[in-house]
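Every heavy atom of this structure was used, including side-chain atoms; hydrogens, water molecules and symmetry mates were not. Start at 1 and go down the list; that is how both ligands and their atoms are numbered.
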Amino acid sequence: MSSTEKHTFQAEIQQLLNIVIHSLYTDKEIFVRELISNAADACEKLRFTQVSGTEIQQPEVAPGISLTSDEAAGTLTFTDTGVGMTHDELVKNLGTIAHSGTKAFLQKLAEDKKPDVGLIGQFGVGFYSAFMAAKRVTVESRSAVAGEPGWKWVSEGTGGYEITPAEGELPRGTKITLELKDEAKEFAQAHTIERIIKRYSSFVPYPIELNGEKVNTVQALWTRSKGSIKDEEYDEFYQFIGHDHEKPLLRLHFTADAPLAIQSLLFVPSHNVETMGMGRMDSEVNLYCKKVLIQAKAKNLFPEWLRFLKGVVDSEDLPLNISRETMQDTALLQKLNKVLTTKFLKFLDETAEKDPELYEKFYTEYQRFLKEGIVTDFTHKEALGKLVRYESSHLEKGKTTSLADYVKRMGSEQKEIYTLMAPNREAAEASPYYEVFRERKFEVLFLYDAWDEFVMEHLREFEGKSLKAAEKADLNLNEPKKDGALDEATGKSLAEWLKTALGDKVADVRVSQRLVDSPAVVVDADKFMTNSMRRMLKAMKKDEEAMAPAKLDLEINPAHPIIVRLEAARQKDAPFATEIAETILDQARVAAGVMEDPRAMLKRMNSLLERVLA
Ligand code: ADP
Ligand code: MG
């Protein structure tokens, strides 16, 4: 019999086709993903039908998917041995909208209270995406239900479709043939299709063959339970998705149900390539919905400062038909971002606890990213504060401490967390600013990375204790040295004289109670400015003129022999004492790293030497 039924598409379909073809998907190639997803759904449904006891045709044929490309004919076919469609199902599923078969199927499942069968594409209008590339689509399908005949459905996407009984015996399942438009002929090339399958459908849980060869060889590891996965499997998976020949340094495999359904497998590569001069990294975390790629290198899934991560995030809460542009700023994505970032930071903290050595390796490679996070992202400040590590005056060189451990060691009389920027350990310990801490046995964190200045400024406090630059600490020695020291009144009058002698070069001069070995120090007169911060700001300014010279306060040590003798010298020979005073200021500036013009200093030094040798 050859009875051709002509059907017109439901009114909305034409509209929908326009949307699908012209604006829903930005990448034409998406249709391959959609048709493969439908085929995988059909395989899943077959399994379910079988399990539910229905007698099926060709039970010996395993569910699977195969594609054939024919460049000469300009066609691409998708064949699956899934559940297939009856005449009525073809009409209903491919001819009417708002009646997605998958949706109806899921509904039925819910009513039957049967377990989830893991279907893809409950949101899709995916089938029609075929018309982005095809001028004519032919669907030959035979339902899995024993005894059902095969049917042929043909449409050119405009107006309607025709259904005829299939010629000959069709095998179980569905074969969809796309006669490609002239401008879409590339989809008849095997290598193009292979690339697209690998990109979107590598993890579809049924075998996919292209022109007789299996394409998807890697499992969607993230959907398996942790306990069943070996280290080697994780490593191999990482190397596949991360395009890295090394093993990952860290991995985090986790699932969550609330507030979002997430299955995620994240990796930290063993090396930070940004420090290797390879330019800025690009996040390589791919976003999936039920094993089907939604977006490779998904933007905004993690904050910028976690751009070194690689891996997979799979959430069934994501709409499959979403396109790249609409994906950018959805509230859903923000929610995902927050959950994932929080989880990852917690994981880092736990790793530091459980395996400090491993954490140290991570920290050595990636500390700059954490610091970038502190400086640029207020949201995770607290969690990030737990992750930074510094050398400390209380630990031997090379060992580092967390802020949390520092706080635990704080004595009751210490109220703040002290930090000292220095080029290295030796410089830190020799710094005049460190003297009072050494004497009072207060712990000081030694900061060697220029970024730490900003890190401290943004962190501000940790566990309720404020972070304070050593040079800004309001601390005195417990027992100031008395022997030979200037008394209070003399010290004060020397300070006053110094202010007059040094003029504009200092903002203020005062007697210090925190110096032990150094004759003097300078402190930035700006309450919120440290010496190193000023140094950095200056380095960042292109125009030297743009920055006003620092206003410095000079603090003198009343017990230091130089200061004691200076007091005597100024009584006898004021011009000479002034030269000495300038040299003391010079040296204090050198110690603080804020000596702007060392040549002026040399001149003064030479004049002094001349005098000494006279
Ligand atoms: P969705 O997949 O979201 O349901 P589609 O437009 O992709 O929407 O597909 C519409 C319906 O057509 C599917 O729900 C399914 O019932 C049916 N269908 C599509 N492709 C196949 C196939 N290969 N085998 C069986 N049924 C299919
Ligand atoms: Mg679909």
Side-chain angles (χ1 to χ4, degrees), residues 7 9-10 12-13 15-17 19-21 24-25 30-50 56-58 61 63-68 76-109 117-132 134 137-145 148 150-153 155 157 161 163 166 170-178 200-201 204 206 208 289-294 316 318-322:
H7 294 253
F9 279 130
Q10 189 191 18
E12 294 91 340
I13 292 270
Q15 225 175 335
L16 173 84
L17 272 165
I19 299 172
V20 170
I21 295 170
L24 189 60
Y25 297 114
I30 288 284
F31 81 89
V32 178
R33 173 188 89 180
E34 293 299 327
L35 296 186
I36 289 177
S37 294
N38 283 351
D41 283 349
C43 292
E44 192 74 35
K45 285 178 195 165
L46 175 81
R47 248 185 34 186
F48 184 77
T49 309
Q50 219 167 353
I56 64 165
Q57 13 208 9
Q58 293 181 283
V61 176
I65 303 163
S66 67
L67 279 72
T68 319
L76 177 65
T77 64
F78 297 73
T79 310
D80 67 71
T81 50
V83 73
M85 283 176 274
T86 62
H87 172 280
D88 291 354
E89 282 165 346
L90 277 168
V91 172
K92 198 172 66 180
N93 298 341
L94 304 186
T96 50
I97 192 62
H99 199 135
S100 162
T102 302
K103 228 182 194 169
F105 189 77
L106 279 174
Q107 221 157 25
K108 190 163 164 288
L109 275 188
V117 289
L119 298 162
I120 321 169
Q122 1 171 352
F123 312 89
V125 283
F127 172 75
Y128 301 101
S129 66
F131 290 102
M132 289 194 293
V137 176
T138 304
V139 180
E140 293 160 277
S141 192
R142 185 170 182 192
S143 166
V145 177
E148 285 287 342
W151 296 91
K152 184 168 157 183
W153 179 105
S155 174
Y161 56 92
I163 296 184
L170 287 188
R172 182 194 72 219
T174 304
K175 177 176 172 184
I176 302 178
T177 305
L178 273 58
Y200 295 99
S201 310
V204 165
Y206 293 92
I208 303 174
C289 172
K290 300 183 182 180
K291 303 181 191 172
V292 175
L293 184 76
I294 300 295
E316 43 184 283
L318 290 168
L320 185 62
N321 64 340
I322 211 152

(message) Could you tell me if the side chain of Phe31 sits less than 4.5 Å from the side chain of Leu76, heavy atoms only?
(response)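 Yes, close enough: below the 4.5 Å cut-off.
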(message) Could you work out, with ring pair (Phe, Tyr, Trp, His ring centres under 6.0 Å) as the rule, every residue matching Phe78, not counting sequence neighbours?
(response)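 Partners of Phe78 under the ring pair (Phe, Tyr, Trp, His ring centres under 6.0 Å) test: none.
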(message) If I take every N, O or S atom of Ser37, is at least one of them less than 2.8 Å from the Mg ion (ligand 2)?
(response)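 Under 2.8 Å: Ser37 has no N, O or S contact with the Mg ion (ligand 2).
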(request) List every atom of ligand 1 that sits less than 4.0 Å from any heavy atom of Leu94, numbering the atoms from 1 in the order shown and giving each element. (result)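 Those of ligand 1 that fall under 4.0 Å from Leu94 are 12 (O).
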(request) Could you list the atoms of ligand 1 found under 4.0 angstrom from a heavy atom of Lys45? (result)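 Here the atoms of ligand 1 in question are 15 (C), 16 (O).
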(message) Please work out, at 4.0 Å between heavy atoms, whether the side chain, the backbone, both, or neither of Asn93 comes within that distance of ligand 1.
(response)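 Answer for Asn93: both.
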(request) Could you name the option among Phe78, Phe127, Tyr128 that has the heavy atom nearest to atom 5 (P) of ligand 1? (result)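 The option holding the nearest heavy atom is Phe127.
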(message) Which heavy atom of Glu316 sits nearest to which heavy atom of Cys289, and what is that distance?
(response)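 Looking at all heavy atoms of both residues, the shortest contact is CA-SG, 4.1 Å.
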(message) Tell me whether Glu34 reaches ligand 1 (any heavy atom closer than 4.0 angstrom to a ligand atom).
(response)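 No, that is not the case, since the closest heavy atom of the residue is not under 4.0 Å from the ligand.
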(message) Parallel, tilted or perpendicular: which one describes the rings of Trp153 and Phe127, with boundaries at 30° and 60°?
(response)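 Aromatic pair Trp153/Phe127 classed perpendicular.
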(request) Check side chain to side chain donor-acceptor pair (under 3.5 Å) between Thr174 and all other residues, then give those that pass, not counting sequence neighbours. (result)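 Here the qualifying residues are Ser141.
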